[in-house]
Amino acid sequence: MTPEPELDRLLTAVLAQVQADDPRLAEIVRSAVTHLHAFVREVRPTEEEWLRGLDFLVRTGRTCTPTRNEFILLSDMLGLTSAVDEVNHAGPPEATPSSVEGPFHSPAPARPLGAWIADGPERERAEPMVVHGRVTDCAGTPLAGATVDVWQADDAGHYDTQDAAQPDGNLRALLTTDSDGRYWFRSVLPSSYPVPTDGPVGGLLSALGRHPMRPAHIHLRVEAAGHRPVTTHVFVAGDPYLDSDAAFAVKDALVVTPRPGTDGRRWELDGSYLDFAFDVRLVEL
Ligand SMILES: [Fe+2]
């Protein structure tokens with residue numbers, strides 16, 4: 001970077017005053033200040049542009065409510081949530097990759113294996129689907145008694161917490177794997193959905209020429225004693241937004257092709273249905 005004596009002096013003066021007792025806090029603040037000063041040197045914002053940026057952050061804060069966090073949305077839309085996930089949860093290639101939790105997790109009702117988890121109006125109109133798989137360690141040894149927490153949107157892209165027509169706990173389940181590490185449940189094919197666009201982050205996406213869509217997915221959080229838990233999504237192959245997820249959460253190993261079901265008797269499903277198979281491999285602690 002070209003030396004600019006006054007800017008160099010300013011940065012040095014700010015860094016010299018970072019004297020937190022907590023060394024990690026000091027490291028974080030020093031790095032953030034250094035990067036932000038470098039940003040100002042590179043971009044050379046006008047005062048008007050700088051105030052506009054600060055106003056964007058003020059409006060982002062004011063949009064937050066107890067049930068809506070516009071800052072998390074901003075972090076998601078800039079790929080930062082996925083970056084933080086990656087630096088914290090990168091595992092061996094044979095393990096199931098993690099992906100961001102997103103804002104829609106809430107405590108799920110415990111349900112037996114095989115349960116129907118679609119109890120709302122979507123059950124009558126959406127494509128039925130069996131979701132099944134096996135939870136193992138990275139060597140393929142089945143993990144009995146693992147918990148599989150699942151949550152998903154319906155065929156219109158809505159979670160129960162966004163839609164008065166869905167009963168509480170709809171399209172959510174807390175399952176426990178059987179003695180062979182298997183889990184299965186009956187549901188409906190979810191749809192892609194837009195993130196909230198009525199706040200400042202939606203305005204930013206629009207100004208940047210970006211769409212707000214997330215490809216269709218099912219969220220999973222899997223835990224087993226003695227193993228590192230994984231929070232992830234499983235995406236529906238063929239979705240038009242797989243290559244441009246607004247939250248940058250798609251990984252190749254997390255994309256599953258729903259197949260036409262051929263064994264309705266096994267899953268207690270009448271008529272046509274989709275078969276969605278996803279195995280989970282956890283890292284031993
Ligand atoms: Fe989601």
Side-chain angles (χ1 to χ4, degrees), residues 64-65 67-86 89 96-109 111 117-120 122 126-127 129 131 133 148-175 183 185 187-199 201-202 205 210-222 229-256 258 274 276 278 280:
C64 295
T65 70
T67 55
R68 174 174 181 174
N69 191 322
E70 193 78 353
F71 273 111
I72 290 180
L73 182 62
L74 178 60
S75 169
D76 293 352
M77 297 300 101
L78 296 180
L80 291 167
T81 310
S82 286
V84 172
D85 176 54
E86 184 62 23
H89 298 292
T96 297
S98 64
S99 185
V100 301
E101 179 172 306
F104 294 113
H105 181 262
S106 62
R111 301 189 195 247
I117 72 165
D119 298 323
E122 73 286 345
E127 274 193 274
M129 183 165 82
V131 181
V148 181
D149 187 351
V150 301
W151 66 105
Q152 65 165 90
D154 68 6
D155 59 317
H158 297 132
Y159 288 86
D160 61 341
T161 47
Q162 302 171 296
D163 180 2
Q166 295 185 44
D168 287 350
N170 196 42
L171 296 169
R172 300 177 189 272
L174 189 60
L175 307 162
Y183 75 91
F185 61 93
S187 185
V188 296
L189 185 68
S191 168
S192 50
Y193 62 80
V195 299
T197 56
D198 59 343
V201 175
L205 292 178
R210 284 179 52 184
H211 70 69
M213 298 301 292
R214 304 230 42 230
H217 57 268
I218 297 174
H219 296 268
L220 295 174
R221 177 172 170 82
V222 182
V230 68
T231 300
T232 196
H233 306 33
V234 194
F235 295 89
V236 179
D239 188 286
Y241 299 106
L242 275 180
D243 293 331
S244 61
D245 179 11
F248 305 97
V250 179
K251 296 176 180 175
D252 288 349
L254 301 177
V255 179
V256 169
L274 295 170
F276 194 86
F278 184 70
V280 177

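As the structure lists them, so they are numbered: ligands from 1, and atoms in each ligand from 1.
- The two atoms that bring Ala249 and Ser99 nearest to each other are O-OG, 3.0 Å, heavy atoms only.
- Under the 3.5 Å distance criterion, the side-chain polar atoms of Gln152 are matched with a main-chain donor or acceptor of Val188.
- Between the SG atom in Cys64 and the CZ atom in Phe71 there is a gap of 6.0 Å [rounded to 0.5 Å].
- Note on the Fe ion (ligand 1): protein N, O or S atoms under 2.8 Å away count 4, no waters included.
- Tyr159 and Tyr193 have perpendicular rings, their planes meeting at more than 60° on a 0 to 90° scale where under 30° would count as parallel.
- Applying the side chain to side chain contact (heavy atoms under 4.5 Å, CB included) criterion to Ala156, with sequence neighbours excluded, gives Arg125, Asp154, His158.
- With salt bridges taken as basic N to acidic carboxylate O contacts below 4.0 Å, none links Asp76 and Arg214.
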